[in-house]
Structures are given as C-alpha cells and as structure tokens.
Asker: 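Okay, handing you the structure first.
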Amino acid sequence: EPPIAGTEAEALVGALDRLRTTFRWKADDLDAAGLQTRIPSSALTLGGLLKHLARAEDEMFTVKLSGAPRSAPWDGAPWDADPDWDFTSAAGDSPDELYALWDSKVARSRATLAAAIAEGGLDQPVRIGVGGQHANLRRLVCDLIEEYGRHTGHADLLREAVDGRVGEDPPAG
C-alpha cells in the first residue's frame, strides 16, 4: 500500500509500486501456454504485457528521463515493420526470459527513480518535451501509473481466463 500520509513522492512511488506488484502477481508463475492465453476479443497476452511493460519502464526512466538511447532488446527491434513488436515478439520468448526481462527493468527503474527523486525531486525537468517545454519527473511517474493501471486491468481478465485467479491484491508475502 502507498503510505496513508506520506509525501507526494512517497504517495506516487507507492501507487506505482502497488500497481507493479499487482500486475506481477496477475502474471506470476505461468508456463508458456498460460503467458500466451488470449481472450476472444483481444490479441493481448500476459507474456506480451510483461514485455510491453518492461519496455514502458525502460522508456520512461531511461530514454525520457535522461535522454539515453534505448537499451536491448528495444534498440534492435524492427519497429517500422511491427509497431507492436514488444507485444508480438513475446510469443517467441520463454517464461523465464519474460519474467527476467520485466524484473530487471523494474529493478533498474526503481533505482533510477529513487536516485532522481533524491537528486532533484519531482519538479525537475526531464529530457522529453513537447513544443519546446520539458516534462517533469512527476509527469513520467504519472504516465507510468496510467500505463500500469490500464494493463493491470487487462491482466485481470487474462489471468482469470488462464486459471480463474481473481482478486485485487496479492496474498501477503
């Protein structure tokens, strides 16, 4: 849970981490078939969501925050041929690869975000901007919260289709 009466940074990071934890629980402990399960009205899979959200973590707290280039595997992806490459290519990745990718990108994002907040707070400008105006770090955190909110809802439906797992919060521990 985010803190009941924390600072703005603690509340935003707490909300993001709660969504990360809920999403990971929804996608957790599945084999390849489970990660590739679809519901009839969508091409989304939990494996595709794992890879997409790993990309969102990396884009937000690497490319947009510091202006660093995309890292692997995003740097060599055929985006022009397949704009949904993060979603579609997940079918060729093993569960271990998908979980390791997401886990490593989240760990890196957590460390990068904590350092950035300690260094300059949420008001600091980031490298990405629109119309000559740079966004601030608060905007990046809010954007990632929105991304997780949307896709955690998708994960709810997909996981229920896999094995019936439902619920809002992971069990304790």
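Treat the numbers as computed from the prediction; the structure is a model and nothing was measured.
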Asker: Does Ala15 offer a backbone N or O that forms a donor-acceptor pair with the side chain of Tyr148 under 3.5 Å?
Answerer: no
Asker: Tell me if a side-chain donor or acceptor on Thr37 pairs with a main-chain N or O of Ala33 at a distance below 3.5 Å.
Answerer: yes
Asker: Please evaluate residues Glu8 and Arg138 with respect to the criterion side chain to side chain contact (heavy atoms under 4.5 Å, CB included), reporting the C-alpha separation (whole Å), side-chain torsions for both, the decisive distance (0.1 Å), and the verdict.
Answerer: CA-CA 9 Å; Glu8 178 187 16; Arg138 177 183 296 101; 2.6 Å; yes
Asker: If you define the side chain from C-beta out and look only at heavy atoms, does anything of Ser104 sit under 4.5 Å from Tyr99?
Answerer: no
Asker: I'd like to know if Phe87 and Leu98 are part of one continuous hydrophobic network [Ile/Leu/Val/Met/Phe/Trp/Tyr, side-chain heavy atoms within less than 4.5 Å].
Answerer: yes
Asker: Looking at Ser109 and Arg20, what are the two nearest heavy atoms and their distance?
Answerer: CB-NH2, 3.7 Å
Asker: Could you report the tightest heavy-atom contact between Thr22 and Pro170, atom names first, then the distance?
Answerer: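 Where Thr22 meets Pro170 most closely, the heavy atoms are OG1-CD, 4.1 Å.
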Asker: Please list all pairs passing the salt bridge (Lys or Arg N to Asp or Glu O under 4.0 Å) test where one or both residues lie in residues 63-85, with sequence neighbours left out.
Answerer: Glu59-Arg70
Asker: Calculate, to the nearest 0.5 Å, the distance between atoms OG and CG belonging to Ser42 and Leu158 respectively.
Answerer: 6.5 Å
Asker: Just checking Arg127: does its CZ atom have more than 12 heavy atoms from other residues, nucleotides or ligands closer to it than 6.0 angstrom?
Answerer: no
Asker: In Å, rounded to the nearest 0.5 Å, how long is the span from CG of Leu12 to CD1 of Ile145?
Answerer: 5.0 Å
Asker: With sequence neighbours excluded, what pairs up with Val13 under the side chain to side chain contact (heavy atoms under 4.5 Å, CB included) test?
Answerer: Asp17, Leu113, Ile117
Asker: Please step through side chain to side chain contact (heavy atoms under 4.5 Å, CB included) for the pair Leu46 and Arg159, ending with a clear verdict.
Answerer: CA-CA 8 Å; Leu46 286 167; Arg159 185 57 187 247; 4.3 Å; yes
Asker: Without hydrogens or angle criteria, can the side chains of Lys26 and Thr152 be said to hold a donor-acceptor pair below 3.5 Å?
Answerer: no
Asker: What heavy-atom pair brings Ala161 and Ile39 nearest, and what distance separates the two atoms?
Answerer: CB-CG2, 3.8 Å
Asker: Under 4.5 Å between side-chain heavy atoms, counting indirect links through other Ile/Leu/Val/Met/Phe/Trp/Tyr residues: same cluster for Leu122 and Ile128 or not?
Answerer: yes
Asker: To the nearest 0.5 angstrom, please state how far the CD atom of Glu147 sits from the CE atom of Met60.
Answerer: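 Result: 6.5 Å between the selected atoms.
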Asker: Could you check whether any side-chain N or O of Trp102 sits under 3.5 Å from a backbone N or O of Glu97, counting only pairs where one atom can act as donor and the other as acceptor?
Answerer: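 Pair absent, no side-chain N/O of Trp102 close to backbone of Glu97.
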Asker: Under 4.5 Å between side-chain heavy atoms, counting indirect links through other Ile/Leu/Val/Met/Phe/Trp/Tyr residues: same cluster for Leu30 and Leu101 or not?
Answerer: no
Asker: Is Arg18 paired with Asp169 through a side-chain N to carboxylate O contact shorter than 4.0 Å?
Answerer: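 Arg18 and Asp169: salt-bridged.
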Asker: Calculate, to the nearest 0.5 Å, the distance between atoms CZ and OG belonging to Arg55 and Ser89 respectively.
Answerer: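 If we round to the nearest 0.5 Å, Arg55:CZ and Ser89:OG are 10.0 Å apart.
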Asker: Check this for me, if you would: do Lys51 and Asp86 make a salt bridge, where the nitrogen-to-carboxylate-oxygen distance has to be below 4.0 angstrom?
Answerer: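 Looking at Lys51 and Asp86, the cut-off is not met.
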Asker: Under a plain distance cut-off of 3.5 Å, with no hydrogens placed, do Trp74 and Asp58 share a side-chain donor-acceptor pair?
Answerer: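 A donor-acceptor contact under 3.5 Å links the two side chains.
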Asker: Check Pro95 against Ala32 and note the closest heavy-atom contact, atom names and distance.
Answerer: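 Heavy atoms of Pro95 and Ala32 come nearest at CG-N, 3.4 Å.
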Asker: Set out, in order, the CA-CA distance, both residues' side-chain angles and the distance that settles side chain to side chain contact (heavy atoms under 4.5 Å, CB included) for Leu49 and Phe23, then state yes or no.
Answerer: CA-CA 9 Å; Leu49 289 173; Phe23 172 77; 3.9 Å; yes
Asker: Look up atom OG1 in Thr21 and atom CG in Leu16, then write down how far apart they are to the nearest 0.5 Å.
Answerer: 9.0 Å
Asker: For the backbone of Pro125 and the side chain of His134, can you confirm whether one donor and one acceptor N or O come within less than 3.5 Å of each other?
Answerer: no
Asker: To the nearest 0.5 Å, what is the distance between NZ (Lys105) and OG (Ser71)?
Answerer: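 Those atoms lie 3.0 Å apart.
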Asker: Any chance the side chains of Arg108 and Thr62 put a donor and an acceptor closer than 3.5 Å?
Answerer: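 Arg108 vs Thr62: donor-acceptor pair found between side chains.
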Asker: Please assess Asp28 against Arg165 for the test side chain to side chain contact (heavy atoms under 4.5 Å, CB included), listing each intermediate value before the final yes or no.
Answerer: CA-CA 11 Å; Asp28 203 26; Arg165 179 182 281 181; 4.3 Å; yes
Asker: Side-chain contact, heavy-atom cut-off 4.5 Å: Trp25 with Pro171?
Answerer: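 Side chain of Trp25 against side chain of Pro171, heavy atoms only: contact under 4.5 Å found.
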Asker: Between Leu137 and Ala116, what is the shortest heavy-atom contact and its length?
Answerer: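 What the structure gives for the nearest pair is CD2-CB, 3.8 Å.
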Asker: Look only at the side chain of Gln36 and the backbone of Thr45, and say whether a donor-acceptor pair between them is shorter than 3.5 Å.
Answerer: no
Asker: Is there a continuous path of hydrophobic side-chain contacts, each under 4.5 Å between heavy atoms, that joins Trp79 to Leu53?
Answerer: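 They do not share one cluster, since no chain of ILVMFWY contacts under 4.5 Å joins Trp79 to Leu53.
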